[in-house]
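Below you'll find the structure, written out as structure tokens, and then a few comments.
For the numbers below, each heavy atom of this structure counts, side chains included, while hydrogens, waters and symmetry mates do not. Each chain gets a letter, A, B and so on, in the order its sequence line appears, and its residues count up from 1.
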Number of protein chains: 4
Amino acid sequence: METAARKNRGPSAGPDNRRALIVAAREVFSLEGFHAPLSAIARRAGVGQGSLYRHFPDRLTLIAAIFDENIASLEVIVDRESSTLDDYLAEILEQALVSSALIDLMMLERSDDRIQHLRTRITATTGRIVARERASGRIRADAATDDVVLAISMFAALIARVPEAERRHTGDRAWSLFHAAFAP
Amino acid sequence: METAARKNRGPSAGPDNRRALIVAAREVFSLEGFHAPLSAIARRAGVGQGSLYRHFPDRLTLIAAIFDENIASLEVIVDRESSTLDDYLAEILEQALVSSALIDLMMLERSDDRIQHLRTRITATTGRIVARERASGRIRADAATDDVVLAISMFAALIARVPEAERRHTGDRAWSLFHAAFAP
Amino acid sequence: METAARKNRGPSAGPDNRRALIVAAREVFSLEGFHAPLSAIARRAGVGQGSLYRHFPDRLTLIAAIFDENIASLEVIVDRESSTLDDYLAEILEQALVSSALIDLMMLERSDDRIQHLRTRITATTGRIVARERASGRIRADAATDDVVLAISMFAALIARVPEAERRHTGDRAWSLFHAAFAP
Amino acid sequence: METAARKNRGPSAGPDNRRALIVAAREVFSLEGFHAPLSAIARRAGVGQGSLYRHFPDRLTLIAAIFDENIASLEVIVDRESSTLDDYLAEILEQALVSSALIDLMMLERSDDRIQHLRTRITATTGRIVARERASGRIRADAATDDVVLAISMFAALIARVPEAERRHTGDRAWSLFHAAFAP
DNA sequence: TATGAATGAGCCTTCATTCAT
DNA sequence: CATGAATGAAGGCTCATTCAT
């Protein structure tokens with residue numbers, strides 16, 4: 001019985017539950033969108049409703065936690081000296097749905113602190129890769145970080161709205177437009 | 001207040017109600033997004049719930065009616081011989097939220113007939129303006145209509161997600177990227 | 001256009017509409033049960049909602065009108081000197097759903113005048129056929145009309161609840177029980 | 001008044017709620033029939049709408065739960081060696097409305113598994129009492145269980161449709177018909 | 001601290017009934 | 001008199017959130 005594994009496991013279950021909730025949230029959100037019932041996430045995580053609320057008092061907090069991980073993985077890429085804007089984009093395309101929602105959120109909930117923080121991080125990260133691209137002459141010298149962020153925003157929003165099957169192909173087409181726009 | 005006159009105004013109220021519902025839907029959707037409660041739309045239109053359902057049996061039908069009007073206004077612009085892609089874009093920017101939702105829908109509900117039909121219309125309309133731009137040398141000769149549609153999609157999705165105050169400014173920035181991409 | 005045939009045809013349409021409504025009601029009720037929306041009946045009759053209400057101010061009135069016709073057809077059978085209780089039953093079986101609903105109504109709405117009247121008629125009619133059966137020795141001399149009415153009630157209620165395909169077979173089985181009960 | 005205590009009484013209220021819902025459902029259904037609003041049942045049970053749906057996801061599930069209890073009480077009777085078909089009937093008469101609805105359901109929803117199961121149980125139970133009656137010579141040796149089930153069906157359907165005041169009297173009259181039919 | 005049932009507000013939808021034309 | 005749209009009161013159902021255990 002899988003119910004064996006789930007009883008009151010006491011405080012030590014805390015971190016595990018948190019992880020399980022984030023994983024479940026990713027799955028559920030990517031299947032049903034960001035309006036999916038929270039109860040579905042708790043169920044999928046094998047965690048009580050109450051625990052979900054303890055870890056993530058509202059939907060936005062949970063979403064922010066997901067974004068956090070995604071940004072971290074972008075940072076890892078940028079930390080690699082050899083990485084290019086294309087690598088960066090490839091990861092964003094991978095993250096498709098989440099990236100897009102992150103951007104939506106960054107656009108809309110400008111006042112929320114948690115989101116402010118994510119915005120700062122992603123802008124900084126993007127700034128670093130842009131600087132490197134400029135230095136290596138792969139993009140125009142006067143390409144502004146803000147414009148690249150804008151392009152990425154549009155890119156992410158687009159691919160999240162495309163059915164998975166066409167995502168790569170459409171992503172390539174879209175990005176080649178921006179290649180042209182930023183070409184030296 | 002629109003709550004004033006509310007009795008059975010008889011069948012002659014039909015067309016008025018239909019109009020009022022579309023107007024209310026535009027307002028409500030633009031304030032709360034396309035998941036806004038239909039009941040709020042009926043209320044704002046000063047119309048009974050039942051009438052809303054008579055005119056628009058489901059959410060998609062109502063949305064399609066809104067799109068219909070929007071596309072019509074794009075067609076009017078393209079019909080004007082002197083109009084340019086920038087004029088076209090200006091109108092899309094005006095329609096902001098609706099345009100974006102239209103595009104979302106065109107991406108997602110590929111199977112629905114009503115949406116299919118809208119897609120056809122908007123592709124045709126865009127094709128006409130693109131052809132004209134190419135002929136006048138304002139964009140690259142090899143610019144594909146599909147790529148322009150893609151750019152417009154991203155553009156519309158972006159501006160819909162930007163707070164109204166920054167919409168024009170952000171729209172300009174974004175579109176200048178595409179200007180660069182399609183420049184001859 | 002089929003709307004041609006339906007406009008305000010003036011007062012002369014009254015009786016026609018009444019007939020059409022009863023016919024439509026039979027069809028709709030037999031397909032969807034007696035809780036079917038009245039609007040469906042009006043639609044099927046090709047008649048406005050308002051006209052339905054003019055002719056039949058409430059659901060019960062409409063149902064009573066149907067019953068009226070059914071009882072009339074039972075009376076026709078009994079009027080035929082050669083008819084037997086089995087003929088009578090055959091007609092009831094034919095009327096299945098309506099008969100059963102009639103009986104339900106007779107049981108429940110004891111106070112309603114329209115129903116009182118139907119009850120009187122059906123009891124009288126049944127009394128006549130029972131008397132004849134007794135006289136011809138086909139049933140026990142002490143068989144009471146009331147008991148036969150009771151049996152018919154149960155019979156009708158049963159067959160209305162049986163899927164149409166098994167109706168005849170189940171009806172035969174049920175009635176043979178009563179045959180045994182009333183056998184001389 | 002059951003409206004008194006209404007707060008979140010915690011999970012321990014679960015079984016109580018379940019019971020209260022079944023009791024309330026019996027009452028409401030017997031007063032208003034099986035189409036009564038479920039919300040009325042929740043209200044009468046002093047339970048939130050949501051709890052009703054947790055325990056009984058749809059109307060049929062709730063009805064099946066009621067039937068379940070009724071059949072159990074029939075089984076108790078049959079388990080008593082000394083019990084007769086008349087005792088059995090007396091209980092069915094007691095259960096009047098529910099018995100009838102059970103039978104309606106058994107007739108109509110032939111495909112539903114929950115109902116299938118109830119049908120099997122009631123047929124088996126009836127079979128046992130019939131066998132005993134036959135053995136003791138109280139009914140004809142060739143009386144088929146199916147015919148007795150049929151008789152019971154009609155009996156139950158009848159008494160459910162009779163106002164409570166006349167139920168016993170009408171029940172007696174009806175059953176005496178079947179007595180005659182099954183007499184040795 | 002974790003659990004998961006309880007709660008109830010709110011949305012969608014249907015339909016009986018009214019009434020202007 | 002007929003028409004058929006308008007109305008709005010319910011009812012079904014879902015879910016975010018609370019809270020006893």
side-chain hydrogen bond (donor to acceptor under 3.5 Å, both in side chains) against Arg19(B), all qualifying residues, sequence neighbours excluded: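 Testing Arg19(B) for side-chain hydrogen bond (donor to acceptor under 3.5 Å, both in side chains), a comparison that skips the adjacent residues, returns Glu69(B).
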Residues forming a side-chain hydrogen bond (donor to acceptor under 3.5 Å, both in side chains) with Arg59(B), sequence neighbours excluded: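 side-chain hydrogen bond (donor to acceptor under 3.5 Å, both in side chains) list for Arg59(B), sorted by chain: empty.
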Reported CG-to-CG distance for the pair Leu52(B) and Leu62(B), which is rounded to 0.5 angstrom: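 Answer for the CG-CG pair, Leu52(B) versus Leu62(B), is 6.0 Å.
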Distance check needed: [N] [atom2] versus [X] [atom1], whole Å only.
{"X": "Phe56(D)", "N": "dA6(E)", "atom1": "CZ", "atom2": "P", "answer": "11 Å"}
{"X": "Leu62(C)", "N": "dT17(E)", "atom1": "CG", "atom2": "C1'", "answer": "15 Å"}
{"X": "Ile41(A)", "N": "dT17(F)", "atom1": "CD1", "atom2": "P", "answer": "12 Å"}
{"X": "Arg54(A)", "N": "dC19(F)", "atom1": "CZ", "atom2": "P", "answer": "14 Å"}
{"X": "Arg19(A)", "N": "dA2(E)", "atom1": "CZ", "atom2": "C1'", "answer": "19 Å"}
{"X": "Leu52(A)", "N": "dA16(F)", "atom1": "CG", "atom2": "C1'", "answer": "11 Å"}

Gly50(D) vs Asp58(C), nearer the 5' end of DNA chain E by closest nucleotide: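 The answer here is Gly50(D).
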OP1 or OP2 of [N] sitting under 4.0 Å from any side-chain N/O of [X]?
{"X": "Ser51(D)", "N": "dA5(E)", "answer": "no"}
{"X": "His55(B)", "N": "dA5(F)", "answer": "no"}
{"X": "Asn17(D)", "N": "dA5(E)", "answer": "no"}

Under the rule for side-chain contact (heavy atoms from CB on, under 4.5 Å), what residues qualify as partners of [X], not counting sequence neighbours?
{"X": "Thr61(A)", "value": "Phe56(A), Pro57(A), Asp58(A), Arg114(A)"}
{"X": "Ala36(D)", "value": "Val28(D), Phe29(D), Glu32(D)"}
{"X": "Ser51(A)", "value": "Asn17(A), Val47(A)"}

Parallel, tilted or perpendicular, as decided by the 30° and 60° cut-offs, for the rings of Phe67(C) and Phe34(C):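 Ring orientation, 0 to 90° scale: tilted.
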Strand DNA chain E in bracket notation, Watson-Crick/G-U under 3.5 Å with | for pairs to another chain: .||||||||||||||||||||
Verdict with supporting geometry, Arg18(C) and Ile22(C), side chain to side chain contact (heavy atoms under 4.5 Å, CB included): CA-CA 6 Å; Arg18(C) 204 192 133 87; Ile22(C) 293 181; 4.1 Å; yes
For Arg44(C), all residues meeting salt bridge (charged side-chain N to carboxylate O under 4.0 Å, His left out), sequence neighbours excluded: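 Testing Arg44(C) for salt bridge (charged side-chain N to carboxylate O under 4.0 Å, His left out), a comparison that skips the adjacent residues, returns Glu27(C).
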Show the distances under 3.5 angstrom between N or O atoms of the protein and N or O atoms of nucleotides 10-12 of chain E.
| unit_1 | atom_1 | unit_2 | atom_2 | d |
| --- | --- | --- | --- | --- |
| dC12(E) | OP1 | Leu38(B) | N | 3.3 |
| dC12(E) | OP1 | Arg59(B) | NH2 | 2.7 |
| dC12(E) | OP2 | Leu38(B) | N | 2.9 |
| dC12(E) | OP2 | Ser39(B) | N | 3.3 |

